[in-house]
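In what follows, chains carry the letters A, B, and so on, assigned in the order in which the sequence lines appear, proteins first and then strands, with residues in each chain numbered from 1. Hydrogens, waters and symmetry mates play no part in the numbers below; they use all other heavy atoms, side chains included.
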Amino acid sequence: MRAWNLIKIYTVLVYIFMFAPVAVVLLLAFNSSRFGGFPIEGFSLRWFAKLFENEAIMRAFETSLILGVLTAFFATTLGILASLALVRFKVPGKEWITTLLISPVLVPETVLAVGLLIFLRWLSMPRSFAVLLLGHTMIALPFVVLVVQARLVGIRKEYEEAARSLGANPVQTFFQVTLPLLMPAVFAGALFAFTISFDNITATIFWRPAGSETVPTQIFGMLRNSVSPEINALGFVMIVITVGVPLMAGGLARYFSRKR
Amino acid sequence: MAKATAFDPRPWYLLSPALLAIAFLVIAPMCFILVYSFYINVDLGVDEVAFQFGNWQDLLTDSYYHHAIWKTFRMAIIVTVLAALLGYIPAYFIAHTNFRRKWLLLLLLILPFWVSFIIRTMSWIHIMGNQGAINGVLIWLGLTDEPISMMYNEFAVIVGFIHVFLPYMILNVYVSLEGIDRNLEPAARTLGCTPWQAFREVTLPLSLPGLAAGSLLVFVLTAGSYVTPIILGGPNDFLFGNLIYDAVVSELNWPMGATLSFTLLFLLGLVVVIYSRFMGLNQLYKALS
């Protein structure tokens, strides 16, 4: 079929459009040239070495990692509790509550950022790491709620009821029955939250305390000058972390579930 | 009767942390920016509590702001339409392919979400910049001596936006295409439709909810952005979000920043409300998960 072939070619072109720029960054990270662009002059790891010597970037990395892990923890905790309530109980106004929990996605991030910044300033809470953490948790929460809820709907209530009838209290039931069954979603939600936090720039620019940078805001600042080869190396590392880690986690999960 | 409908507090214990956080960190600030928009900015970062309409008057009378609103909507519409055109066909392909590794195609579609937004945006400098891949190839082929300037204009901003938001469109369309009964198109064919007619009269209308949800997402995300124009655009390629950024970060004029933020919230909220009148928000929740 000719039409189908055209569709195929079109799809391949769109995929190239999606991936070529990323591939170029990965490639240029190893370019030995002093400039961050083409032509490629040779293979070199020096920009990675430079990267690890760059204290500002290393500090930004540390900030981003801590922030991401804490965001994942808080967003996942809040998300699990809320999902349990919504899926396992009859709550009046369920739709309104869901909309409320999802609302951070519905509000443009710029507005969310400015709103929280001005509001907390008014409460004499200037920009700080805590503000960043609270804000990131809000941005990640909707995604955790959606992921965990979807999974929770699929876990049959009978398991929990069986545990209860065998004498477990609600807390025991949760930790010994529900949570283990929910683990894949918890893990996915946490990973999701981490990536969202690690990648966020739009809101982070408003919330970060003076002098403190996360990796994306650091790159943003560096881009003001020019695209240095260091940024490409940093881009390589970022891509490996945010793409490689979830892929590996997914692969491992598959591997272990098959082994069982 | 009273017993059966007795108030059960347990879900509310579970919900309270998340709801309190949302109320305090999202809802209250949204209300507060409306209040704050009536304050007066006295000096850099110094505000006075007041109830006056100065900021709103500026917004409503200064054509600079009107221009920015118009530009933002224009940009969002262009990006949305192009994303729909670019995204529909791959979504159709993934939904209908017999290729055994369909999961791989889907995974490749989700992967860009995990690649840092700032890196993906920056990468276009490597493609279209003066030292970029396109110019490199052109010079190497001898088609041009001087690099052709393609960056730091509206086109570059549009490309950057589409690149970042296209997966939202493809995934939404794909989900709704996947939900269509596979037998409908062949049925239309046996009733005498050409393949194109079968698509236009059966598949396309049934996939409209996904297309609409994807379009809404792309539209709202584009209209609320400010980082992409800073990185890929020139001095004139600002969006409404850039005005907010300038007011808050550069000029430290928070009351004006609040006024502009509320305006953006209101305008995009209007778009979402109009959308939900016609389509409902359920499709959107589905799309997000």
Aromatic ring pairing B:F199/B:Y88, orientation class (parallel under 30°, perpendicular over 60°, tilted between): perpendicular
What residues form a side chain to side chain donor-acceptor pair (under 3.5 Å) with B:H163, not counting sequence neighbours? B:W124
Okay, A:P92 and chain B: the region with an atom under 4.5 Å from a heavy atom over there is both
In terms of heavy-atom pairs under 4.5 Å with chain B, the winner among A:I118, A:V22, A:V114 is A:I118
Measure up the B:Y168 and B:F113 rings against each other and bin them: parallel (under 30°), tilted (30 to 60°), perpendicular (over 60°). perpendicular
Of the non-hydrogen atoms in A:T214 and A:S64, which two are nearest, and what is the gap between them? CB-OG, 3.2 Å
Chain B contact via A:M138 - side chain, backbone, both or neither, heavy atoms under 4.5 Å: side chain
Heavy-atom pairs under 4.5 Å with chain A: which of B:V220, B:I230, B:V249, B:L221 has the most? B:I230
Pick from A:V24, A:L120, A:L13: which one has the most heavy-atom pairs with chain B under 4.5 Å? A:V24
For the student: nearest non-hydrogen atoms of B:L260 and B:A247, plus distance: CD1-CB, 4.2 Å
With a 4.5 angstrom heavy-atom cut-off, is it the side chain or the backbone of A:I80 that approaches chain B, or both, or neither? neither
Between A:L223 and chain B, with a heavy-atom cut-off of 4.5 Å, which part of the residue counts as in contact: side chain, backbone, both or neither? side chain
Is A:T202 close to chain B through its backbone or its side chain, or both, or neither, when contacts mean heavy atoms under 4.5 Å? both
Out of A:I231, A:V12, A:I7, which one racks up the most heavy-atom pairs below 4.5 Å with chain B? A:I7
Counting only non-hydrogen atoms closer than 4.5 Å, can you tell me which residues of residues 24-31 of chain B sit against chain A? B:F24, B:L25, B:V26, B:I27, B:A28, B:P29, B:M30
Close aromatic pair by centroid cut-off 6.0 Å: B:Y36 and B:F262: no
Would you call the rings of B:F32 and A:W122 parallel, tilted or perpendicular, taking 30° and 60° as the class edges? tilted
Chain B heavy atoms under 4.5 Å from A:L86: which part of the residue, side chain, backbone, both or neither? side chain
